[in-house]
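As structure tokens, the structure follows; a few thoughts come after it.
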Amino acid sequence: MIVSPSAHRPSVAVRFTPRLDDHNRAPGGVPFLVPVRVEHTDAQARITSLTVRVSYDDGGTWQTVPVQHGGGQWLAGLRHPAGAAFVSLRATATDSAGNTVDQTIIRGYRLR
């Protein structure tokens, strides 16, 4: 399919913004909140669903984590297990216009 430059295709993207140290690390063995921002180009649409999953084995297995929305932002509640080395994140979001995104980041950050 050829899309002309003037054609508008709405897109959705997810941004994880965890508070990390200068070495891209977070503490292990403790609860940890990850702010999640969902950006989309359709200004009239609103985000209707967001699911966040976490993996501590480079995407071998995934666990759904609780997500809360309030104050204009989303927060994913993780509990980093002791002994894990890396955190991988996956998000699926849908907006009211039917646009969706399924985004995965393997080894998004390290645990200390």
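Since this is a predicted model, take the numbers as computed values, not measurements.
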*asked:* Main chain of Ser11, side chain of Thr41: is a donor-acceptor contact present, judged purely on distance under 3.5 Å?
replied: yes

*Hey, quick one: are Leu20 and Phe86 part of the same hydrophobic cluster, counting side-chain heavy atoms closer than 4.5 Å, chains of contacts allowed?*
no

*Once you round to the nearest 0.5 Å, how far does OG of Ser55 lie from CZ of Arg107?*
10.5 Å

*Is there a donor-acceptor pair closer than 3.5 Å between any side-chain N or O of Gln103 and the backbone N or O of Ala91?*
no

_Taking the side chain as everything from C-beta on, heavy atoms only, tell me whether Val36 gets closer than 4.5 Å to Leu75._
no

*asked:* Distance check, rounded to the nearest 0.5 Å: Trp62 atom CH2 versus Ser88 atom OG?
replied: 5.0 Å

*Report yes or no: is the cationic atom of Arg37 (NZ for Lys, CZ for Arg) closer than 6.0 Å to the six-membered ring centre of Trp74, at no more than 45° off its axis?*
no

*Using the benzene-type ring in the case of Trp, are the ring centres of Tyr109 and His80 under 6.0 Å apart?*
yes

*Check: His69 and Leu50 side chains under 4.5 Å, non-hydrogen atoms*: no

*Does the side chain of Arg15 reach to within under 4.5 Å of the side chain of Glu39, using non-hydrogen atoms?*
yes

*Report yes if the side chains of Thr64 and Val52 come closer than 4.5 Å at any heavy-atom pair, otherwise no.*
no

*If you measure from the Lys or Arg side-chain nitrogens to the Asp or Glu carboxylate oxygens, is any gap between Asp95 and Arg46 under 4.0 Å?*
no

*Would you say the side chain of Val34 lies within less than 4.5 Å of the side chain of Thr17, judging by non-hydrogen atoms?*
no

*When rounded to the nearest 0.5 angstrom, what is the spacing between CG in Leu33 and CD in Gln73?*
9.0 Å

*Any side-chain heavy-atom pair from Val54 and Gln63 closer than 4.5 angstrom?*
yes

*Any side-chain heavy atom of Leu89 within less than 4.5 Å of one from Thr104?*
no

*Check whether any side-chain heavy atom of Arg53 sits under 4.5 Å from a side-chain heavy atom of Thr92, and report yes or no.*
yes

